[in-house]
Structures are given as structure tokens and as C-alpha cells.
2 protein chains.
Amino acid sequence: MRIGELAKATGIDVETLRYYERVGLVQLPARQANGYRAYGQDAIERANFIRHCRTLDMGLGDIKRLLDFTSKPDAGCFDVNHLLDEHLARVRAKLKSLRTLEQQLARLRTQCDAGHRAADCGILQDLVAAAHGEACACHPSDGNASLSKRKARE
Amino acid sequence: MRIGELAKATGIDVETLRYYERVGLVQLPARQANGYRAYGQDAIERANFIRHCRTLDMGLGDIKRLLDFTSKPDAGCFDVNHLLDEHLARVRAKLKSLRTLEQQLARLRTQCDAGHRAADCGILQDLVAAAHGEACACHPSDGNASLSKRKARE
DNA sequence: TTTAAACCCTATAGCGACTTCAGGGTCAAG
DNA sequence: CTTGACCCTGAAGTCGCTATAGGGTTTAAA
Ligand SMILES: [Zn+2]
Ligand SMILES: [Zn+2]
Ligand SMILES: [Zn+2]
Ligand SMILES: [Zn+2]
């Protein structure tokens, strides 16, 4: 099998497959006389494993570790569980922050409903107000702390 | 104001401020005789605007566009709305995919409850099965399509 | 007065997971 | 015999920083 066929069989881009090879995620394939990569059937399975894990948003390092486990059946699976727990925690943390973010953006979006002058745009006004520190969670709003030593030359 | 003071006043790292300058997000500040950057009070406002937009997860390109709007009050705000709509759509799309992902990972996590041999680990078995194409949304699972033209040399 | 900490400067490289580009070689069909 | 679909390598670009190397300057204590 050549790289293009493997790409078609797995839905992974050719360039991405070569990249995975470069970073050691897939083992070096045999080569034909003309230098083309020659893959066996097992390459499809390995590549599909990678793709599946990627759609689960795992990092390449984690995937490598999981791949290693599939080839040492006698190892304990504690690390597998741990890896998954950490990944799940990451996903849940991001989910939480994204939910908050969506709320904030949705509220911001309501500040303007139609086309008018930028100076009158509720969205821009809202952003500028937040930049001043008004009702904004992201800023420390300790502007005073910096003002207290404001004597720096200009 | 020197760069460290601006950093403290806004909560943006010094290196990050210099980076923003390099990519043209903040205008070139005046310099003192010794080469140090010298910022005015307006720099705090601009930097806070950037920081606030970053916590809304906007890209630097989008932020630049928004900053431009704040300096031309007579422009129409159509693009502001459009930009926000697109960003909100991106956030919602990611939120949706993250929710699905969380479900999948949580289910996967239930496949193993304790330490045993890797060969018997439900998580690894699940991943391998998915790599084979069983009950997996991420794969096209058109293995047949690729098998139909399987006559490639090895 | 010396010296050490705490600043400041530039230029460059690294991160992750690719994607794209430049500049070629190989191969089957028409 | 040329067109087009493939394949190859190596390097650079993406995004938003972060870190490092290798210096210069200021400030305060010892
Ligand atoms: Zn899958
Ligand atoms: Zn508006
Ligand atoms: Zn804010
Ligand atoms: Zn297990």
C-alpha cells in the first residue's frame, strides 16, 4: 500500500501521515525501489487508532503511550486509567470555561442590534467599558495599585 | 511608564506586551534616552482592551480590527456585529463538540475500573475496537471502499 | 564604593499539530 | 511524448505566546 492509499483508507491526510512518521508516532514503513513508502495492512489499524484518539482530542504524546500499551499486553493498565482521567479533567475544565465564555459573548452580542455609527455601537462601548475595568471579571481592576506609583517619567 | 509598570497595571506579561508590539497590535511607544519603552496612560487602556478581548478568546486579528473601530467613530458597525457573530458561532461549535467529546470519554472511562493486564483493559480494547471501525462515529468505516482497490503492491 | 538584584533591550528558538511551499522524481494513460 | 496524478525531501508558516541567550541600565543595600 502506498501513502495515498493509506490516507484514503483512514481519512488521514498524506502530509499528516508523513508528519506522524517524523515525530515517531508510526513506525518507519518499508520502501519500494523508487523510494515510495510501502505499508502493510497493520498500518491501517495503527493509523485508525491514532485517528480515533485524535477525534477524542488526545495529544500525540498520550496516543503514543496508548499505542505502546497495545503492544505490551502484560503491563498494568494503571497509566491508561490515569491518562484518561487527566484528559477527561482537561476536557471538563475547558467545557466549563467555554460555557462561561458563551454566556459572556451572548450577552455582549445583545448590546447591538443593527448597523449604526461605531461610536454608538453598544458592543464597542461595552468592550471599552470593560477595558476601563467596569464590571469585568477578567481584570484585576487594581488600577489604583498602579496609580499609586504613577510617578514614573511619562 | 516603563514596560514592567504597564505589565503590572494590566496583568499582561512583559514578553507578551513586546510580542503584541512585534505583531502590530499596539503602536510603537516612545523611547527614553536609554532605549527603554516609554508608555503614556492611553497604553493602559489599549492593553486592557486587548486583555479583555483575549479572555473572550478572540484572535489577535479580530482584536486588531476592533481596536481600529474604536479610532474611527464614524464607520458603520456592521463588521463588529459580523465578527462577533462568527466568533460566537465558533465558540458554540466548539462547545457542542466538547460536550459530545465529554460523553464519549466518560463512557470510555467506564470500560475499566481497576488495575489489571493491559490485554484485559476495557479502555484499550474499546480503543482498538473503534480503530477497527466498530460503532465509531469518527471513522468513515468505508474500509470496503479501500479494500475494493486493494491490489496495490503489498 | 562596590556589588547584587531587579529591571530593560534584541534576536532567536521552541511549543503542538499540523499545513503549505519549493523544487524536484516516478509512472500510467492518451 | 506529454499530461496529470502521484510520490519524495526539506524548510517555513500558522497561532499566541514562552523561554533562552547574551547583553546593558538602574537602584538599593552592604
Ligand atoms: Zn473512531
Ligand atoms: Zn453596533
Ligand atoms: Zn476584562
Ligand atoms: Zn484497564
Side-chain angles (χ1 to χ4, degrees), chain A residues 1-26 28-39 43 47 50-65 67 86-87 90-91 94 97 101 138 146 149 151-154, chain B residues 1-26 28-39 43 47 50-65 67 87 90-91 94 97 138 146 149 151-154:
Chain A
M1 209 181 356
R2 294 185 304 184
I3 197 169
E5 295 168 286
L6 179 60
K8 213 163 282 173
T10 60
I12 302 177
D13 191 81
V14 168
E15 298 297 333
T16 304
L17 284 170
R18 284 199 275 247
Y19 167 72
Y20 287 163
E21 185 183 314
R22 265 207 309 286
V23 298
L25 202 54
V26 305
L28 297 175
R31 296 289 182 138
Q32 295 176 341
N34 55 16
Y36 290 10
R37 287 168 180 82
Y39 297 95
I50 295 171
R51 191 193 174 198
H52 183 69
C53 290
R54 280 299 293 138
T55 73
L56 294 178
D57 209 26
M58 292 177 188
L60 298 191
D62 281 359
I63 297 174
K64 203 167 181 175
R65 248 161 276 148
L67 275 171
E86 282 194 328
H87 185 47
R90 274 196 302 271
V91 168
K94 188 145 202 172
S97 85
L101 178 56
C138 87
S146 62
K149 56 166 171 171
K151 212 41 196 298
R153 32 189 151 0
E154 176 49 355
Chain B
M1 210 181 354
R2 294 187 305 185
I3 196 167
E5 294 168 287
L6 180 58
K8 212 163 284 173
T10 61
I12 302 176
D13 191 82
V14 167
E15 298 296 334
T16 304
L17 284 170
R18 284 197 275 247
Y19 168 71
Y20 287 163
E21 184 183 314
R22 266 209 306 288
V23 299
L25 202 56
V26 305
L28 298 176
R31 297 289 181 138
Q32 294 175 344
N34 55 13
Y36 290 11
R37 289 169 180 80
Y39 297 96
I50 295 171
R51 189 190 176 202
H52 183 69
C53 289
R54 282 297 296 137
T55 71
L56 295 176
D57 208 27
M58 293 178 189
L60 298 191
D62 281 0
I63 297 174
K64 202 166 181 176
R65 247 162 276 146
L67 275 171
H87 185 49
R90 274 196 303 271
V91 168
K94 189 143 203 175
S97 85
C138 88
S146 61
K149 56 165 171 172
K151 214 37 196 300
R153 31 194 152 358
E154 177 53 354

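Lettering follows sequence order; numbering is per chain, from 1. No hydrogens, no waters, no symmetry mates; every other heavy atom, side chains included, goes into these values.
In this entry the distance linking CD of B/Gln32 with P of D/dT25 reads 13 Å, nearest Å. Residue A/Asp13 contributes atom CG, which lies 11 Å from atom C1' of C/dT20 at whole-angstrom precision. Counting to the nearest Å, the C1' atom of C/dG16 and the CE atom of A/Met58 are 17 Å from each other. With rounding to whole Å, A/Leu60 atom CG is found 9 Å from C/dC18 atom C1'. Distance CE (A/Met1) to P (D/dC6): 16 Å, rounded to an integer number of Å. The nearest whole Å value for the distance from the CG atom in B/Asp57 to the P atom in D/dC15 is 14 Å. Rounded to an integer number of Å, the gap from B/Lys64 NZ to D/dG16 C1' is 14 Å.
Between B/Arg51 and B/Arg54, the closest side-chain pair of non-hydrogen atoms is not below 4.5 Å. Side-chain contact between B/Glu5 and B/Lys8 is absent, with no heavy atoms from C-beta onward closer than 4.5 Å. Counting only heavy atoms from C-beta outward, the side chains of A/Tyr19 and A/Leu60 approach each other to under 4.5 Å.
For B/Glu21, the side-chain contact (heavy atoms from CB on, under 4.5 Å) test picks out B/Val26, B/Leu28, B/Pro29, B/Arg31, B/Arg37, B/Tyr39, with sequence neighbours left out. Remark: A/Lys64 engages A/Leu25 in a side-chain contact (heavy atoms from CB on, under 4.5 Å) (not counting sequence neighbours). A search for side chain to side chain donor-acceptor pair (under 3.5 Å) contacts involving B/Arg65 returns B/Asp62, not counting sequence neighbours. Here B/Val14 pairs with B/Ile3, B/Ala7, B/Arg18 under the side-chain contact (heavy atoms from CB on, under 4.5 Å) rule; sequence neighbours left out.
Between atom CZ of residue B/Arg2 and atom CG of residue B/Asn34 there is a gap of 8.0 Å, rounded to the nearest 0.5 Å.
Side-chain N/O atoms of B/Thr16 include none lying less than 4.0 angstrom from OP1 or OP2 on D/dG16.
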Checklist outcome for this item: In 5'-to-3' order, the base (B), backbone-only (S) or no-contact (-) status of each nucleotide in nucleotides 7-15 of chain C, using a 4.0 angstrom heavy-atom cut-off, is BSSB-----
What are the atom names and distances for every N/O pair under 3.5 Å that joins the protein to nucleotides 1-4 of chain D?
none

